[in-house]
Amino acid sequence: MFKCKTSAEVGGMGHSVKRKEDARFLHGKGNYVDDVKLPGMLTMVMVRSPYAYAKIKSINKEKALAIPGVLAVITGEDLAQYNLHWMPTLLSDTQMVLPTDTVMHQAQEVCAVIATDRYIAVDGAEAVDVQYEPMDPIVDPFKALDKDAPLLRPDKEDQKDNQIYHWERGDRAKTDEVIANADVVVKERIHLPRIHVASIETCGCVASYDKDTEKLVVYLTTQAPHAIRTVVALVAGHVGLSEEKIRIISPDIGGGFGGKVPVYPAYVVAIAATFLIGKPVKWIEDRSENLVNGFARDYHMDCELAATKDGKIQAFKVSTLADHGYTDSSANPSKYPTGMFSICTGSYDYEHAFAELDAVYTNKAPGGVAYRCSFRVTEAVHAIERMVDKLAAKIGKDPALLRLENFIKKEQFPYSSPLGWSYDSGDYEATLKKAMDMLGYDDYKKEQAQKRKEGKLMGIGISTFTEVVGAGPSKDFDILGIAMFDSAEIRVHPTGKALARFGTKSQGQGHETTYAQILAEELGIPYTDIEIDEGDTDTAPYGLGTYASRSTPTAGAAAAIAARKLRDKGKKIAAYLLEVSEEDIEWEVGKYFVKGAPEKSKTIQEVVFAAYTNIPPGMEPGFEATHYYDPPNLTFPNGAYICVVEVEKETGAIDVKRFVAIDDCGNIINPMIVEGQVHGGLTQGIAPAMYEGIEYDDEGNVLNGTFMDYLVPTAVESPHWETGHTITPSPHHPLGAKGVAESPTVGAPPAIANAIIDALAPLGIEHLDIPITPAKVWEAIQAHS
């Protein structure tokens with residue numbers, strides 16, 4: 001009845017099978033939040049502040065309410081009656097839903113207009129008359145710490161100044177001592193500016209409350225449906241709505257990259273509106289709104305790297321000031337994500353390090369959001385990789401050789417880093433050497449020497465990084481106190497077809513394919529016969545969502561273990577059917593057979609059918625399993641990237657000639673999807689390196705809040721990416737997998753920056769902050785000519 005198949009035939013791990021989800025996207029059948037249409041649905045548009053810091057003197061609704069089709073104008077005063085003026089951020093702070101007296105950043109939501117369609121709602125928003133009393137904003141995070149700086153968050157009773165928190169890790173005294181006595185010390189202040197995720201789909205929601213059933217359903221562009229439901233329950237509890245009555249549905253998402261993790265005020269306003277009006281309410285932000293709200297990074301890092309005269313790294317110290325805007329939408333600073341900055345010691349073997357970070361409030365939009373979900377890892381890697389290149393330049397040693405001499409050796413794993421991480425596995429030397437071989441590193445060094453003799457500017461930049469992904473484990477990570485496990489639930493039907501549900505949510509990563517491949521490998525059911533379901537809190541098991549490259553390290557592991565539970569049950573059934581003891585049964589992909597007699601066998605489909613029809617006495621029928629996976633440790637992907645650039649001296653124009661990226665993400669589920677992730681991530685890596693950076697003036701105005709002046713790189717700007725991989729499986733992960741989605745956005749910026757600085761080195765230029773634009777390069781050349 002059923003034929004046994006190999007891993008390749010079922011589309012198991014390690015095979016480049018086509019993505020299951022692509023057909024519907026390519027044929028225009030994706031289902032996004034803006035596609036949701038409910039009977040009687042209304043539209044909401046936000047009125048936003050033109051000022052970065054101002055008192056609200058009055059809000060006049062009359063002209064707006066006089067427009068036919070405008071049904072309501074909701075203000076902070078309206079919400080305050082229901083204790084909905086403030087809401088929690090996902091982990092560690094609070095933020096206004098709508099302000100009652102003061103706006104804290106440009107484009108902050110001031111009130112909401114509810115109308116019968118979007119055009120009328122926009123007219124209504126323009127008709128709302130808000131009178132402001134502008135105040136002097138704090139835009140510079142260093143000035144936010146001045147003793148005479150105004151207190152930006154007087155709502156927080158324990159807030160005595162604009163410092164949100166101080167975090168540190170490592171031995172300050174010992175690190176300072178080593179630096180003070182070192183042969184060589186290099187120093188630099190490095191700034192990583194604010195950037196925006198700018199995903200194809202902006203944020204939005206459709207909130208629908210049914211008074212008869214007391215059920216709230218919210219269609220939401222969220223990467224973490226269950227966590228959002230818990231936050232909504234905490235907020236909605238003020239109006240008597242509890243968690244079991246709340247359903248969050250996250251349909252297809254057109255890119256998230258961390259920007260769709262937070263709970264935005266407009267979500268809560270839409271929920272309040274449907275609750276008060278009794279009709280569904282849709283809010284979809286436009287591109288301008290999206291570009292001026294919610295940012296990643298804005299880190300000012302003072303770095304010191306100490307070494308012996310021959311280049312043996314001895315100590316690293318970094319002190320950081322982080323601008324988190326008017327509210328901190330990041331996590332518990334002792335844990336996640338600030339704690340992830342302590343990966344800043346990199347891939348190198350040395351004993352002493354110290355890292356500290358002070359986060360401050362300013363009159364900017366909320367900060368602390370992730371970009372490609374690399375929570376503080378991008379900043380950390382940029383710091384150490386720029387400093388290693390500065391060290392190489394100072395002592396006159398080849399940057400590749402300096403790295404090779406200082407790498408953690410493969411026999412040292414698991415490796416305890418100076419700041420407390422336990423790296424699981426890696427072969428950094430092999431990875432860098434593979435990148436050098438693919439590039440032809442020695443040949444390019446000779447070419448560079450010749451071009452420098454000719455007065456031409458050519459640079460070679462290297463970035464060798466260690467990533468940290470897969471949040472939990474729960475002993476270190478939580479959201480609102482909820483342990484950061486993740487989940488998988490598998491139901492195999494009598495005919496051998498399966499449905500698997502997960503607590504994560506894809507935004508384009510290919511979950512429907514990769515999760516199915518994991519189950520195909522573990523159970524022998526063809527991946528095409530496995531349906532994957534995510535994003536609905538009424539059907540999916542509770543999970544903490546998709547960000548921090550945690551889908552494979554957590555939910556993928558949960559899938560594997562749940563499948564192995566089923567495989568164990570199947571072994572008992574097979575033994576019963578074949579009339580042998582369980583100890584006599586062996587397994588290979590999709591097949592149970594008797595030891596020494598492989599012709600006596602049962603396929604997984606035959607065993608599953610028997611689970612519903614012919615089971616051993618006393619066994620529970622069915623073939624279903626659930627697992628909640630709490631990882632024992634994070635996983636630590638790594639990589640070696642090499643970039644070659646040429647810089648035009650007369651104009652500052654930068655031409656990326658070659659870019660080689662070698663990644664080690666452990667065992668690979670689908671090589672084609674991994675390659676696609678890396679290609680996309682590298683393009684997102686070149687973005688902050690050469691193009692993207694949010695700029696503010698002294699009044700707190702965003703100066704580049706449209707795509708006319710905020711350049712998101714396309715295929716035109718992207719070079720040809722050359723990719724490859726090495727494999728060192730994670731020893732503690734059930735699949736030996738590590739995760740790869742963030743790695744290219746972590747490794748690419750310092751590789752590109754190092755290449756450009758290397759090209760400019762003959763002119764005496766030692767550092768430029770990213771984005772390194774032609775204008776910035778030209779100005780530096782003029783200053784050093």
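Keep in mind that what you see is a predicted model, and the values were worked out from it rather than measured.
No side-chain donor from either of Lys18 and Thr513 sits under 3.5 Å from a side-chain acceptor of the other. Looking only at atom types and distance, the side chain of Asp252 has no donor-acceptor partner in the side chain of Gln507 under 3.5 Å away. The closest side-chain donor-acceptor pair between Thr504 and Glu534 falls under 3.5 angstrom. Side-chain contact of Thr514 with Gln517: a donor-acceptor pair under 3.5 Å is absent, judged by distance alone. A side-chain donor from one of Ser342 and Trp421 sits under 3.5 Å from a side-chain acceptor of the other. Defined by atom type and a distance below 3.5 Å, a donor-acceptor pair is missing between the side-chain atoms of Ser250 and Lys260.
Between Asp427 and Lys433, none of the side-chain N atoms (NZ, or NE/NH1/NH2) sits under 4.0 Å from a carboxylate O, so this pair counts as no salt bridge. Comment: Glu722 engages Arg658 in a salt bridge, judged by a side-chain N to carboxylate O separation of less than 4.0 angstrom. Remark: Asp22 does not engage Lys20 in a salt bridge, criterion side-chain N to carboxylate O under 4.0 Å.
A distance below 6.0 Å separates the ring centres of Tyr428 and Phe413.
Within a 6.0 Å sphere centred on NZ of Lys445, heavy atoms belonging to other residues, nucleotides or ligands number more than 12. Counting non-hydrogen atoms of other residues, nucleotides and ligands closer than 6.0 Å to CG of Leu26 gives a total above 12. By the neighbour-count criterion of 12 heavy atoms within 6.0 Å, atom NZ of Lys410 is sparsely surrounded, having that number or fewer from other residues, nucleotides or ligands. Other residues, nucleotides and ligands place no more than 12 heavy atoms under 6.0 Å from the CD atom of Glu531.
Between Pro688 and Arg297, the closest side-chain pair of non-hydrogen atoms falls below 4.5 Å. Using a 4.5 Å cut-off on side-chain heavy atoms (C-beta onward), Leu634 and Val469 make no contact. At a threshold of 4.5 Å between non-hydrogen side-chain atoms, the residues Asp769 and Ile190 count as touching. Annotation: side chain of Glu9 is in contact with side chain of Thr6 (closest heavy-atom distance under 4.5 Å). Side-chain contact check for Val10 versus Glu521: every heavy-atom pair is 4.5 Å or farther apart. Side-chain atoms of Val740 and Pro637, non-hydrogen and from C-beta on, never get closer than 4.5 Å to each other. Looking at heavy atoms from C-beta onward, Pro193 lies in side-chain contact with Pro771 at the 4.5 angstrom threshold. By the 4.5 Å heavy-atom criterion applied to side chains, Phe407 and Leu432 are counted as neighbours.
Ring orientation note: the planes of Trp721 and Phe659 are nearly perpendicular, at an angle over 60° on the 30°/60° scale. Note: Phe465 and Tyr641 have perpendicular aromatic rings, judged against thresholds of 30 and 60 degrees for the angle between ring planes.
Between Ile686 and Ala748, the shortest heavy-atom distance links the atoms N-CB, 4.5 Å. Of all heavy-atom pairs between Ile460 and Gln448, the closest is N-NE2, 3.9 Å. Of all the heavy atoms in Cys303 and Ala383, the pair that sits closest is SG-CB, 3.9 Å. Closest approach of Met13 to Ile518, counting heavy atoms only: CG-CA, 4.3 Å. In terms of heavy-atom proximity, Val777 sits nearest to Ile772 at CG2-CG2, 3.5 Å. Taking each heavy atom of Ser425 and Pro729 in turn, the nearest pair found is OG-O, 3.0 Å.
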Q: Check the pair Arg386 / Glu188 against salt bridge (charged side-chain N to carboxylate O under 4.0 Å, His left out), numbers first and verdict last.
A: CA-CA 9 Å; Arg386 281 293 301 121; Glu188 190 62 69; 5.5 Å; no
Q: Given salt bridge (charged side-chain N to carboxylate O under 4.0 Å, His left out), test Glu646 with Lys451 step by step and report yes or no.
A: CA-CA 10 Å; Glu646 291 183 0; Lys451 287 194 173 182; 2.3 Å; yes
Q. Yes or no on side-chain hydrogen bond (donor to acceptor under 3.5 Å, both in side chains) for Tyr710 and Glu692, after CA distance, side-chain angles and deciding distance?
A. CA-CA 6 Å; Tyr710 186 84; Glu692 295 187 32; 2.6 Å; yes
Q) Checking side-chain hydrogen bond (donor to acceptor under 3.5 Å, both in side chains) for the pair Thr745/Gln684: CA distance, chi angles, key distance, verdict? A) CA-CA 6 Å; Thr745 64; Gln684 284 194 285; over 6 Å; no
Q: Show your working on side-chain contact (heavy atoms from CB on, under 4.5 Å) between Val656 and Met690 and close with a plain yes or no.
A: CA-CA 11 Å; Val656 178; Met690 296 176 61; 4.0 Å; yes
Q: Please lay out, stage by stage, how Tyr441 and Asp398 fare under the test side-chain hydrogen bond (donor to acceptor under 3.5 Å, both in side chains).
A: CA-CA 11 Å; Tyr441 184 78; Asp398 181 272; 2.9 Å; yes
Q.
Quick one, His196 with Asn293, criterion side-chain hydrogen bond (donor to acceptor under 3.5 Å, both in side chains). Give me CA distance, side-chain angles, the key distance, then yes/no.
A. CA-CA 8 Å; His196 197 280; Asn293 266 298; over 6 Å; no
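Cation-pi geometry between Arg550 and Tyr547 is met: the NZ or CZ atom falls under 6.0 Å from the ring centre, inside 45° of the normal.
Distance alone, capped at 3.5 Å, places no donor-acceptor pair between the His191 side chain and the Ile770 backbone. Using modelled atom types, no side-chain atom of His511 and backbone atom of Ile532 make a donor-acceptor pair closer than 3.5 Å. Put simply, the side chain of Glu385 never gets that close to the backbone of His382: no donor and acceptor are under 3.5 Å apart. Side chain of Asn754 to main chain of Ile462: a donor-acceptor pair is present (N/O by atom type, distance under 3.5 Å, no hydrogens or angles). Side-chain N or O atoms of Glu467 include none that pairs as donor or acceptor with a backbone N or O of Phe636 at under 3.5 Å. Checked by atom type and distance alone, the side chain of Ser730 never pairs as donor or acceptor with a backbone atom of Gly736 at under 3.5 Å. No donor-acceptor pair under 3.5 Å is formed between the side chain of Ser551 and the backbone N or O of Thr546. Using a distance-only test at 3.5 Å, with no hydrogens or angles considered, no donor-acceptor pair links the side chain of Glu522 to the main chain of Leu519. Remark: side-chain polar atoms of Asp664 are not paired, donor with acceptor, to backbone N or O of Gly639 under 3.5 angstrom. Lys505 places no side-chain N or O within 3.5 Å of a backbone atom of Ile253 that could act as its donor or acceptor partner.
Atom CE of Met458 and atom NZ of Lys657 lie 9.5 Å apart (nearest 0.5 Å). For the atom pair Asp389 CG and Asp758 CG, the distance stands at 7.0 Å (nearest 0.5 Å). Rounded to the nearest 0.5 Å, atoms OG1 (Thr202) and CG (Asn290) are 5.5 Å apart. Atom CD1 of residue Ile668 and atom CG of residue Asp663 lie 9.0 Å apart, to the nearest 0.5 angstrom. Note that CG of Asp486 is 4.5 Å distant from OG1 of Thr554, once rounded to the nearest 0.5 Å. Interatomic distance, OG1 of Thr320 versus CZ of Arg376, reported as 10.5 Å (0.5 Å rounding).
Of the candidates Thr466, Asn406, Thr464, Thr464 is the only one forming a side chain to side chain donor-acceptor pair (under 3.5 Å) with Tyr348.
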